[in-house]
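The block underneath contains the structure these notes are about, expressed in structure tokens.
Fair warning: this is a prediction, and the values are worked out from it, not measured in the lab.
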Amino acid sequence: MTDQRNSATSIDPVKLDRLAEVAVKVGLGLRPGQDLLLTAPAIALPLVRRIAAHAYKAGAGIVTPILSDEEMTLARYRHGHDNSFDRAANWLYEGMAKAFSNNTARLAIVGDNPMLLSGEDASKVARASKANSVAYQPALEKIVNFDTNWNIIAYPSPSWAKQVFPNDSEEVAVGKLADAIFAASRVDREDATANWASHNAVLRERTNWLNGQRFRALQYSGPGTDLTIGLADGHEWEGGASLAKNGISCNANIPTEEVFTTPHCRRVYGHVVSSKPLSYQGTLIDNIAVRFEDGRIVDAKASRGEEVLNKVLDTDEGARRLGEVALVPHSSPISQSGLLFYNTLFDENAASHIALGQCYSKCFINGAQLTPQQIAAQGGNQSLIHIDWMIGSAETDIDGILADGSKVPVFRKGEWAK
């Protein structure tokens, strides 16, 4: 604990407080009287406490924190009975779903060691992940459908920092990761809230242009890539601030550089390779190469982590199909940092990406009024998973294909063409 306290001193307290304020005011848009459910690693208590203070200043009803701990997680894998890995805390997620139905806001702080489970039994990790995904569905549906306002931010834990900066001392690594988080989250300046308003306006311009084009598909070309992604019928592009069904505007991800929508899960063709590694539950999956036919991945390879990749693809029928397509310029601040964060919240904002699994009903015209059956009929995918991985680079070209088959440049050499 002494080392952890020492490393915490390398985190700028002013910027940490600014991140907490932005999370409450910009990320959540928390309303007076609204309750807040907050999950975080125990090491992130300095940030949790600041969020609670800003939430109550904003008029929060009750702030309820749920904390996790890396050592307790490892204890399960090292001492837990085998049959426990097919179980999850259903009661907890059912309670979360009920809270979200009652207008409770949701905030998650990420910061655990991304390679925490790398030395544990891979089959147990896969079983526990699947059991947790099944149990989490009632709550996850409320989140992905934007029933309530929600937000994810990050805290620079020592174990995560040492993964990103392995050659530095713990204290130096934490300081470097903290600075990288603050910069990416746009709280490294005094006018953070105003800066977020300007950033949201830029992302809104991008989404408005894309929605005006009504592309039928996107065509990607680049080294190792020749891919056509059909877009769902009645799809709608989103980016930056989103309006939740409870009428509150929120920035679900801090940081965010993406504009995204729902692909048609049965109209994806061709092949694509990853441009950055995917860190997934303790495994680094690198050089992913997949081939699609009729929207489904029929062949998948990776130079590292291939066994884990194929287990993920076998999660359920929807795991081999796409649930999201997102556009991010190569010049994004996270890309220009040159860092691999080993965390999707950051790494997905370094490059254009796709996501295996569950789609967002938010990304449909009048999505709030559509039934799951209607979403599926329009091409939306259903799955227990939602896993983003990066396919964009400085050499990626993307064209939008219109209904008449003509093409409009969208990206050239990894940057917006318009």
Side-chain angles (χ1 to χ4, degrees), residues 1-11 16 19-20 23 37-52 64-82 84-89 92-93 96 106-133 135-136 152-178 180-181 277-285 305 308 312 339-347 387:
M1 290 298 294
T2 301
D3 290 342
Q4 291 179 348
R5 282 197 293 268
N6 288 342
S7 64
T9 62
S10 60
I11 301 173
L16 190 68
L19 178 59
L37 174 63
L38 188 158
T39 58
I43 192 68
L45 265 176
L47 180 55
V48 173
R49 290 167 177 154
R50 285 170 168 81
I51 287 170
T64 302
I66 300 175
L67 304 180
S68 60
D69 176 73
E70 291 183 359
E71 289 301 318
M72 291 180 67
T73 298
L74 290 175
R76 179 188 185 190
Y77 284 91
R78 294 171 182 175
H79 309 297
H81 291 289
D82 183 72
S84 76
F85 295 96
D86 296 310
R87 299 178 56 199
L92 176 62
Y93 298 132
M96 286 184 173
R106 163 79 165 114
L107 193 147
I109 300 174
V110 298
D112 282 328
N113 178 1
M115 308 305 285
L116 180 67
L117 302 179
S118 60
E120 305 308 316
D121 186 320
S123 66
K124 288 182 177 179
V125 174
R127 287 163 56 200
S129 175
K130 185 169 184 177
N132 198 65
S133 294
Y136 191 45
I152 305 175
I153 58 171
Y155 181 83
S157 70
S159 59
W160 179 20
K162 284 293 290 179
Q163 289 294 331
V164 182
F165 301 101
N167 297 322
D168 292 310
S169 69
E170 184 176 283
E171 182 176 359
V172 171
V174 168
K176 285 184 174 181
L177 181 57
I181 289 172
L278 166 63
S279 178
Y280 180 74
Q281 296 188 343
T283 297
L284 201 64
I285 308 175
V308 173
V312 168
L339 295 176
L340 178 65
F341 284 85
Y342 297 89
N343 184 293
T344 301
L345 178 62
F346 291 83
D347 291 333
I387 301 174

Between [Y] and [X], is there a side-chain heavy-atom distance shorter than 4.5 Å?
X: L117; Y: L74; result: yes
X: L67; Y: L45; result: yes
X: Y77; Y: V125; result: yes
X: P277; Y: L340; result: yes
X: D112; Y: S68; result: yes
X: W160; Y: I43; result: no
X: I66; Y: M96; result: yes
X: Y155; Y: I181; result: no

F165: partners by ring-ring contact (aromatic ring centres under 6.0 Å, His included), with sequence neighbours left out: none
Contacts of F341 that satisfy ring-ring contact (aromatic ring centres under 6.0 Å, His included) - sequence neighbours left out: F346
Among residues at least two apart in sequence or on other chains, which ones pass salt bridge (Lys or Arg N to Asp or Glu O under 4.0 Å) with K124? none
For a side chain to side chain contact (heavy atoms under 4.5 Å, CB included) with I152, tell me which candidate from L107, L345, T39, T344 qualifies. L345
I'd like to know if R127 and D82 make a salt bridge, using a cut-off of under 4.0 Å between side-chain N and carboxylate O. yes
Where the side chain of [X] meets the backbone of [Y], is there a donor-acceptor pair that is under 3.5 Å apart?
X: S10; Y: V174; result: no
X: R76; Y: S84; result: yes
X: K162; Y: D168; result: yes
X: T283; Y: G305; result: no
X: E70; Y: N113; result: yes

I153 side, atom CD1; I109 side, atom CD1 - distance, nearest 0.5 Å: 4.5 Å
Separation between CD1 of I51 and CG of L19, rounded to the nearest 0.5 Å: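 Going from the CD1 atom of I51 to the CG atom of L19 covers 7.0 Å.
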What pair of heavy atoms forms the shortest contact from [X] to [Y], and how long is it?
X: P46; Y: R50; answer: O-NH1, 3.0 Å
X: A88; Y: A135; answer: CB-CB, 3.6 Å
X: D121; Y: S123; answer: OD1-OG, 2.5 Å

